[in-house]
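Every chain is numbered from 1, with letters handed out A, B, ... down the list of sequences.
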Number of protein chains: 2
Amino acid sequence: MNSEFTIAVHCLIVLASAPDRVWSSGSLSRKVHTNPARVRKIMSALRRNGLVTTKEGLGGGYRLGFSSGDVNLALVYRTVSCEALKLNWCSDDGAGDPELARVRSVMDQAFCRAETMLETYLEQWTIDSLLEQIKCEPDVPISDHFPVSAHKDKSTKYNINRIGGEG
Amino acid sequence: MNSEFTIAVHCLIVLASAPDRVWSSGSLSRKVHTNPARVRKIMSALRRNGLVTTKEGLGGGYRLGFSSGDVNLALVYRTVSCEALKLNWCSDDGAGDPELARVRSVMDQAFCRAETMLETYLEQWTIDSLLEQIKCEPDVPISDHFPVSAHKDKSTKYNINRIGGEG
DNA sequence: ATAAACTGTATCTATTATAATTACACTAAT
DNA sequence: ATTAGTGTAATTATAATAGATACAGTTTAT
């Protein structure tokens, strides 16, 4: 699944963890390890679906649109239109093969149902419930996911729009 | 999801629809609209998991390894290791952010469960049950998926290794 | 034994999808 | 009027995917 989804969720978690404060794309981008323009693009999509509210101009930024108990992962998933289970068919020019068309139709239906099931599952996960879990999580538990690199703090790479600061 | 999965499933359906006959990568590739080398690569993976048997040399090719009622989509899914629900995180060099690590751990767990659910669902679909559905499928039902192009039979593009023929 | 028709596999190239970068118009607060 | 923001588009860079080609090895038929 592309990283727009994880960025969106991560941003929402950050917003929910400090609901009183307005977050700029710059400060969010440092949290989620990408660049401000990408954060703005993704947050724009969330705004269009009401998941966050934005404010332009000096001191502007992003806030949760709903209470964190009402925002669930299915909403986010649909907003960034992941289509993780969309099947990919090899049919260069397209039609002309009715046999392929039948196979494709049956399979697409099967995976449409799978996607519905997935979304039903994701509805159970609210940003709130994620925050809860995250609090219970022991420190640095997924070191096996990626090897620790030699030079840690070289990631001043995305500190554009710095001034906003953290707190 | 990448097209290896649909190619694998489509090939298995073709094999199951004519279980008495040996299919070459060339004839399969024409059925599934890709090239013989790709078919061979994917079928090799299926062979390593016992889903098909292969025979090299003249008159060789592919056959179903199990009865078509025993081959289900979860097996295929795992064989081509789709990981359609694998989350994609932005963390250039990796570690160094324990907060990200906790978020990631919780989310990865949630989606691990989602993937398990998906596989459970896919286990219900055998190649047999797909064939059944395909037979019931009315002709050319998914014309809305792709626009009908002007020049139909221009797809002699992958007719390398021709000699094997169809029947 | 030799040629033909296959698989198995690797490598290179082309294409497409994804992400980063840059730029700039617009907005709001100071 | 300046500063610090969003919104958005366009461009470039990078990574993932798929196609093309090549060739060694295998089996069958002649």
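Rounded to whole Å, the distance from CG on Asn35(A) to C1' on dT6(D) is 15 Å. Between the CZ atom of Arg63(A) and the P atom of dG5(D) there is a distance of 14 Å, rounded to whole Å. Remark: C1' of dC12(C) and CZ of Arg38(B) are 16 Å apart, rounded to the nearest angstrom. Straight-line distance from the CH2 atom of Trp23(B) to the P atom of dA5(C): 19 Å, rounded to whole Å. Following rounding to the nearest Å, Asn2(B) (CG) and dT16(C) (P) show an atom-to-atom distance of 16 Å. Summarising the geometry, the separation between CD on Glu83(A) and C1' on dA17(C) is reported as 14 Å, rounded to the nearest angstrom. Between Tyr62(B) atom OH and dC6(C) atom C1' there is a gap of 9 Å when expressed in whole angstrom units. In this structure, the CZ atom of Arg30(B) is 17 Å from the C1' atom of dG19(D), given to the nearest Å.
Remark: Gln124(B) engages Tyr121(B) in a side-chain contact (heavy atoms from CB on, under 4.5 Å) (not counting sequence neighbours). For Ser129(B), the side-chain hydrogen bond (donor to acceptor under 3.5 Å, both in side chains) partners at least two apart in sequence or on another chain are Thr126(B).
At the phosphate of dC6(C), neither OP1 nor OP2 sits under 4.0 Å from any side-chain N or O atom of Ser24(B). The side chain of Thr54(B) contributes an N or O atom lying less than 4.0 Å from OP1 or OP2 of dG8(C). Phosphate contact (OP1/OP2 of dT9(C), side-chain N/O of Arg48(B), threshold under 4.0 Å): present. Considering only side-chain N and O atoms, Arg47(B) lies under 4.0 angstrom from the phosphate OP1 or OP2 of dT9(C). Applying the 4.0 Å criterion to OP1 and OP2 of dC6(C), one finds that Ser25(B) has every side-chain N and O outside that range. In terms of phosphate contacts, Ser3(A) brings a side-chain nitrogen or oxygen within less than 4.0 Å of OP1 or OP2 of dA19(C). Regarding contacts with the backbone of dT8(D), a side-chain N or O of Ser44(A) is found under 4.0 angstrom from either OP1 or OP2.
For the salt bridge (charged side-chain N to carboxylate O under 4.0 Å, His left out) condition, no pair includes a residue of residues 49-77 of chain A, sequence neighbours left out. Within the structure, salt bridge (charged side-chain N to carboxylate O under 4.0 Å, His left out) pairs that include any residue of residues 76-88 of chain B comprise Arg78(B)-Glu119(B), Arg78(B)-Glu123(B) (at least two apart or interchain). Legend: ring-ring contact (aromatic ring centres under 6.0 Å, His included) pairs involving residues 41-65 of chain B, not counting sequence neighbours: none detected.
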Taking protein heavy atoms under 4.0 Å as touching, what does nucleotides 23-30 of chain C look like 5' to 3' if B marks base contact, S marks sugar-phosphate-only contact and - marks none?
B---BBB-
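No side-chain donor-acceptor contact under 3.5 Å links Ser105(A) to the backbone of Ala101(A).
Annotation: of the two residues near DNA chain C, Gly61(B) and Met1(A), the 5′-most nearest-nucleotide partner is Gly61(B).
Between Arg40(B) and the choices Ser29(B), Ser25(B), Ser24(B), the side chain to side chain donor-acceptor pair (under 3.5 Å) rule is met once, by Ser25(B).
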